[in-house]
Each structure stands twice: as structure tokens, then as C-alpha cells.
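Working notes, structure below.
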Number of protein chains: 2
Amino acid sequence: MADPLDTVFAALADPTRRAILAMLLEDDMAVTDVAEPFDMSLAAISKHLVILTRAGLIAQEKRGRVKWCKLKPDALKSASVWMQGFGQFEPVHLDAFERFLTAELGDGIEDQVANRP
Amino acid sequence: MADPLDTVFAALADPTRRAILAMLLEDDMAVTDVAEPFDMSLAAISKHLVILTRAGLIAQEKRGRVKWCKLKPDALKSASVWMQGFGQFEPVHLDAFERFLTAELGDGIEDQVANRP
DNA sequence: GGCATCGTCAACCATCCGGTTGAATATGGG
DNA sequence: CCCATATTCAACCGGATGGTTGACGATGCC
């Protein structure tokens with residue numbers, strides 16, 4: 001499993017791990033707190049966190065006796081860049097493009113993007 | 001494995017399957033032709049194609065005795081939408097956006113996208 | 001020091017995954 | 001009709017995955 005895309009996508013393939021990432025989006029958390037909402041042993045969560053760490057999606061830093069987990073969303077970049085190669089074929093992305101352009105560049109551009117003269 | 005995100009990300013986690021998707025980006029292909037560049041049995045490729053199909057990433061249509069494989073990049077939408085939740089941390093894909101718009105809409109739009117008056 | 005808390009390690013288990021091989025099932029061509 | 005081609009099916013195998021439990025090492029608090 002050499003390619004980092006392998007580990008990133010594999011890490012994202014598990015719903016528990018995606019839920020953990022979503023939680024960490026809110027705030028950094030200690031391992032015990034991450035585990036709390038799940039109906040699963042602490043050891044299991046600990047393993048999931050190792051997988052997320054190896055994928056580069058989170059970082060763990062031990063401060064005192066508690067280990068803090070922190071999102072590292074940069075790792076998603078390689079994955080999204082790869083997926084982007086297929087994006088040119090999704091007309092659907094146009095919506096996101098429009099929203100992006102609207103947000104980034106202000107009003108007035110949408111009509112041109114939507115090809116509405 | 002109920003969540004479609006599970007199957008999509010799991011499908012993307014394998015390098016052989018990603019390579020297949022990249023090949024299909026060029027053109028639709030028959031199963032045998034998909035298998036040709038890989039050092040792997042035809043049956044193995046056939047299984048990979050089943051996984052990609054179940055994930056909704058490709059469609060297979062049998063015409064005559066040959067089964068054609070065709071990319072269905074829409075399935076990537078759910079995945080990219082999910083990832084987009086984390087995307088606020090990625091300084092976005094302006095380059096690809098520009099290329100997309102250039103290709104789709106012809107000349108003249110780039111300056112506006114690049115915010116060059 | 002002594003104890004509770006935080007987290008991991010180790011062993012184990014069931015299941016899934018990616019691959020193989022060989023037989024089986026279309027379908028098309030001469 | 002017979003044969004070659006295209007693809008899948010079925011059984012099997014080794015290794016990874018996701019979970020459990022219980023013991024263990026650190027760390028902080030009284």
C-alpha cells in the first residue's frame with residue numbers, strides 16, 4: 001500500500017472514521033472524548049485514530065496524559081486533486097463552480113458561467 | 001456497508017481500480033481491453049469492475065458478446081461534496097476551474113475568472 | 001505513596017479483500 | 001455446426017480489517 005491515495009481513500013471508506021473527522025471539524029478532541037459517542041471500545045477508536053494518523057488526515061499530540069487529536073485537512077488535497085481529474089466530466093460540478101465564483105469574485109459572473117447571455 | 005460513501009471511497013482505495021478509472025477517462029473500453037495492461041487475471045479485473053459498478057463509478061453495457069465499460073463520474077459527486085465540507089481548509093482549485101471554464105465556454109471567460117479586467 | 005484516569009498493546013476472532021485457477025456460459029464468425 | 005472469443009462463476013487461499021477483552025505503562029491528583 002505505497003501510494004498515499006490508497007491510505008487516504010481507505011481511511012475515508014469507514015463511516016466511523018468519517019464521523020470522527022466530522023467531529024474534529026468542530027474542535028480538537030482528546031481520544032476519550034472522541035470515543036464517547038460511539039458504541040465501541042476505546043481500543044477500537046484508538047485503532048481508528050492510528051489509521052487516520054497514518055493517512056495523514058489527523059495529527060495526535062500528547063499533552064500531559066491526554067492525547068489531543070487535530071484535523072489535518074491538507075491530506076485531503078491529494079485525494080481531491082486526483083478526483084478533480086474526473087471533475088471535468090461532471091457537469092454537476094458547475095453548481096459548485098458557480099457558488100465558488102460567486103463567493104470568490106462577487107456578483108455578476110454567474111450569468112456568464114451559466115452561459116446565460 | 002449501507003452508506004454509498006463507504007462503497008465509493010472503498011472502490012477508490014485500490015490503485016488498480018483508480019488506474020482503470022483513469023483509462024476509462026480516455027474512452028469507453030471492453031473488459032478484455034481494460035485487463036490487457038495489468039499483470040493480473042481477467043477474472044480479477046472482472047471483479048474490480050463489479051466493485052466499480054456497485055460503487056456507481058462505472059456502468060457496464062453488454063453489446064453483442066463484448067461488455068463495454070463507461071465512466072460515470074457523477075458518483076464522485078457525493079464523495080467530493082462530502083470532502084468539500086473539509087475543503088474550506090484547502091485553498092481551492094482555481095487552476096482547474098479556469099481550465100474547465102476555458103474548455104467548456106471557450107475564450108474570453110478566463111480573464112474574468114482570473115479577475116483580470 | 002497510592003489511586004484513578006488516559007491511552008495503547010497483545011492476543012484472539014470473524015469477516016472481507018484481492019488474487020488464483022478451472023469450469024461454465026454466452027455470442028459471433030466461417 | 002463447430003470453434004474461437006468474451007466474460008463470469010465457483011471454490012479456494014493468504015493476508016488485511018474491524019472488533020473484543022484484559023493486562024499494561026504513563027501521568028496527574030490528593
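No experiment lies behind these values; they were computed from the predicted model shown. Chain letters run A, B, ... following the sequence lines, proteins first, then strands; residues in each count from 1.
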In numerical order, the residues of residues 32-42 of chain A whose heavy atoms come under 4.0 Å of DNA chain D are A:M40, A:S41
A:I45 atom CD1 is separated from D:dG19 atom C1', nearest whole Å, by 11 Å
Distances under 3.5 Å between nitrogen or oxygen atoms of protein and nucleotides 26-30 of chain D:
residue: D:dT27; atom: O3'; partner: A:R65; partner atom: N; Å: 3.4
residue: D:dT27; atom: O2; partner: A:R65; partner atom: NH1; Å: 3.4

A:D28 meets the salt bridge (Lys or Arg N to Asp or Glu O under 4.0 Å) criterion, sequence neighbours left out, with A:K70
Considering only heavy side-chain atoms of B:V31, the closest of D:dT20, D:dT8, D:dG18 is D:dT8
In whole angstroms, the gap separating C1' of D:dT5 from NZ of B:K67 amounts to 16 Å
Q: Start with the C-alpha gap between B:Q60 and B:L52, add the side-chain angles, then the distance that decides, and say whether side chain to side chain contact (heavy atoms under 4.5 Å, CB included) holds.
A: CA-CA 10 Å; B:Q60 292 184 279; B:L52 288 170; over 6 Å; no
Taken to the nearest whole Å, CD1/A:I51 to C1'/C:dT8 is 14 Å
Applying salt bridge (Lys or Arg N to Asp or Glu O under 4.0 Å) to B:E61 and not counting sequence neighbours gives B:R63
message = Just N and O in the side chain of A:H48: are any of them under 4.0 Å from OP1 or OP2 of D:dT17?
response = no
Protein-nucleotides 10-14 of chain C N/O pairs closer than 3.5 Å?
none

Salt bridge (charged side-chain N to carboxylate O under 4.0 Å, His left out) pairs touching residues 32-57 of chain A, sequence neighbours excluded, are none
To the nearest angstrom, the CZ-C1' distance between B:R54 and D:dT8 comes to 13 Å
From CD1 of A:I58 across to P of C:dG7 the rounded distance in Å is 12 Å
Members sharing B:V50's hydrophobic cluster, built from side-chain contacts under 4.5 Å between Ile, Leu, Val, Met, Phe, Trp and Tyr, are none
*Give a yes/no on whether any side-chain N or O of A:S46 is located under 4.0 angstrom from OP1 or OP2 of C:dT8.*
yes
Excluding B:I51, membership of its hydrophobic cluster (Ile, Leu, Val, Met, Phe, Trp, Tyr; side-chain heavy atoms within less than 4.5 Å) reads none
Hits for salt bridge (Lys or Arg N to Asp or Glu O under 4.0 Å) against B:R18, two or more places apart or cross-chain, chain-then-number order -> A:D3, A:D6
Across all chains, not counting sequence neighbours, the side chain to side chain contact (heavy atoms under 4.5 Å, CB included) partners of B:A44 are B:M40, B:S41
Taken to the nearest whole Å, CZ/A:F9 to C1'/C:dC17 is 18 Å
To the nearest angstrom, the CG-C1' distance between A:D14 and C:dC17 comes to 15 Å
B:E61 atom CD is separated from C:dT27 atom P, nearest whole Å, by 14 Å
Apart from A:V66 itself, members of its ILVMFWY cluster (side-chain separation under 4.5 Å) are A:W68
Side chain to side chain contact (heavy atoms under 4.5 Å, CB included) filter on B:T32, not counting sequence neighbours, yields none
Is the side chain of A:S46 donor-acceptor paired with the backbone N or O of A:L42 at a distance under 3.5 Å, no angle test? no
